[in-house]
Amino acid sequence: YYVAVREPLLAAMGGRPVLLQRFPNGAEGSSFFQKRVPKEHPDWLQTTTVSTPNGTTSNALVVADIAHVAWAVNLACLGFHVWPHRADDLDHADELRLDLDPQPGTGFAQARAAAYELKALLDELGVAGYPKTTGNRGLHVYVRLQPKWDSYQVRAAAVAVARELERRRPDIVTAAWWKEERGERVFLDYNQNAPHKTVFGAWSVRARKGAQVSTPLSWDELDDIDPDELTIATVPARLERNGDPWAGMEPQS
């Protein structure tokens with residue numbers, strides 16, 4: 001599957017550090033997150049040092065090419081959690097990730113409605129957003145940025161978006177941090193842009209029955225998408241038929 005989607009996959013996360021989610025006992029078994037590559041690894045493997053706000057460092061895998069993806073998959077990594085910056089510029093985030101997370105009592109239909117409200121706001125600002133499924137019930141909308149701002153500044157932008165959407169549509173969108181305050185609404189999780197956060201990557205595979213894929217979309221097909229049908233069995237043919245809907249994603253100021 002990863003070889004079949006290698007071109008858009010590398011366009012989305014090539015050159016970025018990633019966190020591995022490994023399933024050594026299969027997709028139905030327990031998993032663990034691995035920030036650091038093993039001490040014993042091939043000489044050709046590209047890595048970079050990432051850090052958390054408290055100063056903890058990790059020697060993370062950089063997705064330099066499809067061989068790096070294959071190496072990780074061979075370690076029972078099903079999906080990749082991607083950092084919001086490139087390995088050659090760790091100080092500046094170049095992606096704003098807007099995570100539309102349905103709360104209990106809501107689902108994909110509500111996430112879709114919230115996504116359209118988000119698109120309307122971005123259109124007013126002259127900013128292009130690119131949606132994808134999460135591989136589960138929610139949606140992500142990405143904005144590619146000029147590498148001018150750190151993660152704290154990008155997170156502040158996400159907070160502003162969340163609060164404005166909540167102001168406009170408090171019936172379907174919430175920016176409330178405490179779960180008990182969110183109700184049956186879609187939470188725009190702005191904290192996915194915090195300095196230590198990674199987000200489940202475009203074209204990555206979930207450990208769910210059916211092997212659903214976090215699939216990039218165009219806005220005009222969002223109404224007709226069933227995220228449970230976007231799997232490793234269906235996405236390669238869809239890509240061959242429709243092309244990469246994120247092609248041409250350009251940095252914005």
Side-chain angles (χ1 to χ4, degrees), residues 1-14 78-82 84 94-103 106-145 158 161-162 164-165 168-169 171-173 185-189 192 199-252:
Y1 162 76
Y2 279 115
V3 170
V5 301
R6 61 188 178 277
E7 291 186 9
L9 173 76
L10 292 174
M13 68 180 189
L78 294 187
F80 298 85
H81 296 252
V82 187
D94 71 341
E95 286 182 345
L96 170 66
R97 285 98 172 260
L98 300 165
D99 179 9
L100 298 167
D101 183 12
Q103 299 303 291
T106 65
F108 187 75
Q110 288 76 20
R112 181 194 290 122
Y116 283 130
E117 295 294 332
L118 173 56
K119 182 180 186 299
L121 173 59
L122 294 177
D123 286 347
E124 290 175 23
L125 299 171
V127 173
Y130 292 80
K132 70 178 179 72
T133 64
T134 63
N136 204 335
R137 301 187 310 139
L139 284 163
H140 293 155
V141 177
Y142 278 36
V143 176
R144 186 66 55 80
L145 305 173
V161 170
E164 175 60 13
L165 284 183
R168 294 183 178 200
R169 291 300 305 272
D171 54 325
I172 61 171
V173 178
R185 294 181 289 178
V186 175
F187 173 49
L188 199 158
D189 189 354
Q192 296 290 20
V199 171
F200 196 70
W203 309 103
S204 284
V205 182
R206 290 284 189 185
R208 298 179 59 213
K209 185 176 180 179
Q212 282 77 15
V213 172
S214 181
T215 308
L217 310 169
S218 62
W219 285 106
D220 59 7
E221 64 185 342
L222 184 55
D223 274 341
D224 301 320
I225 286 295
D226 179 350
D228 285 340
E229 295 180 355
L230 299 172
T231 71
I232 60 173
T234 63
V235 165
R238 180 179 185 276
L239 175 64
E240 185 174 350
R241 182 173 62 251
N242 299 337
D244 178 8
W246 282 13
M249 183 191 290
E250 296 291 338
Q252 299 167 80

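For clarity, every value in this text was computed on a predicted model and none was experimentally measured.
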State whether the side chain of Ser204 and the backbone N or O of His81 hold a donor-acceptor pair below 3.5 Å, judged by distance alone.
no

Could you go through Glu229 and Thr234, starting from their C-alpha distance and side-chain angles, then the distance that decides it, and tell me whether this counts as side-chain contact (heavy atoms from CB on, under 4.5 Å)?
CA-CA 7 Å; Glu229 295 180 355; Thr234 63; 5.5 Å; no

For Asp224, side chain to side chain contact (heavy atoms under 4.5 Å, CB included) partners two or more places apart
none

With sequence neighbours left out, what residues match Phe108 under ring-ring contact (aromatic ring centres under 6.0 Å, His included)?
none

Sequence-distant partners of Arg137, salt bridge (charged side-chain N to carboxylate O under 4.0 Å, His left out), two or more places apart:
none

Tightest non-hydrogen contact, residues Gly129 and Pro131, listed as O-CD, 3.8 Å

Can you name the residues that form a side chain to side chain donor-acceptor pair (under 3.5 Å) with Arg206, not counting sequence neighbours?
none

Contacts of Gln110 that satisfy side chain to side chain contact (heavy atoms under 4.5 Å, CB included) - sequence neighbours left out:
Thr106, Val186

Residues that Asp94 engages under salt bridge (charged side-chain N to carboxylate O under 4.0 Å, His left out), provided they are two or more places apart:
Arg16, Arg86

Would a 4.5 Å heavy-atom cut-off, applied to side chains only, mark Phe200 and Thr134 as touching?
no

Hey, are the side chains of Val141 and Leu122 touching, using non-hydrogen atoms and a 4.5 Å cut-off?
yes

Side chain to side chain contact (heavy atoms under 4.5 Å, CB included) filter on Ala113, not counting sequence neighbours, yields Ile172

Among Ile225, Asp101, Leu222, Leu98, which residue satisfies the side-chain contact (heavy atoms from CB on, under 4.5 Å) criterion with Leu139?
Leu222

Non-neighbouring partners of Glu124 that pass salt bridge (charged side-chain N to carboxylate O under 4.0 Å, His left out), sequence neighbours left out
Arg168

Would you confirm whether Arg97, through its side chain, and His140, through its main-chain N or O, come within 3.5 Å as a donor-acceptor pair?
no

Are the side chain of Tyr2 and the backbone N or O of Leu78 linked by a donor-acceptor pair below 3.5 Å?
yes

Smallest separation among heavy atoms of Ala111 and Gly138, with atom names:
CB-CA, 4.3 Å

Please give me the minimum heavy-atom distance between Ala114 and Val173, naming the atom from each residue.
CB-CG2, 3.9 Å

Any donor and acceptor pair, going by atom type alone, linking the side chain of Tyr1 with main-chain N or O of Val235 inside 3.5 Å?
no

Do side-chain atoms of Gln212 reach the backbone of Lys209 as a donor and acceptor pair under 3.5 angstrom?
yes

side-chain hydrogen bond (donor to acceptor under 3.5 Å, both in side chains): pairs with one or both residues in residues 214-223, sequence neighbours excluded
Tyr116-Asp223, Lys132-Ser214, Ser218-Asp220, Ser218-Glu221, Glu221-Arg238

List the steps and the verdict of side-chain contact (heavy atoms from CB on, under 4.5 Å) for Leu217 and Leu230.
CA-CA 11 Å; Leu217 310 169; Leu230 299 172; 4.3 Å; yes

Which residues satisfy the side chain to side chain donor-acceptor pair (under 3.5 Å) test with Asp123, sequence neighbours excluded?
Lys119

Only counting residues at least two apart or in another chain, list the ones meeting side chain to side chain contact (heavy atoms under 4.5 Å, CB included) with Asp244.
Pro8, Trp203, Leu239, Trp246, Ala247

By side chain to side chain donor-acceptor pair (under 3.5 Å) - contacts of Arg112 (at least two apart)
none

Kindly indicate whether the side chain of Val199, heavy atoms from C-beta on, has any atom under 4.5 Å from the side chain of Val82.
no

Side chain to side chain, Leu100 and Leu188, heavy atoms closer than 4.5 Å
yes

Nearest-0.5 Å distance, CD of residue Glu117 to CD of residue Glu164
10.5 Å

Testing the basics here: between Arg144 and Met249, what is the closest heavy-atom pair and its distance to 0.1 Å?
NH2-SD, 3.4 Å

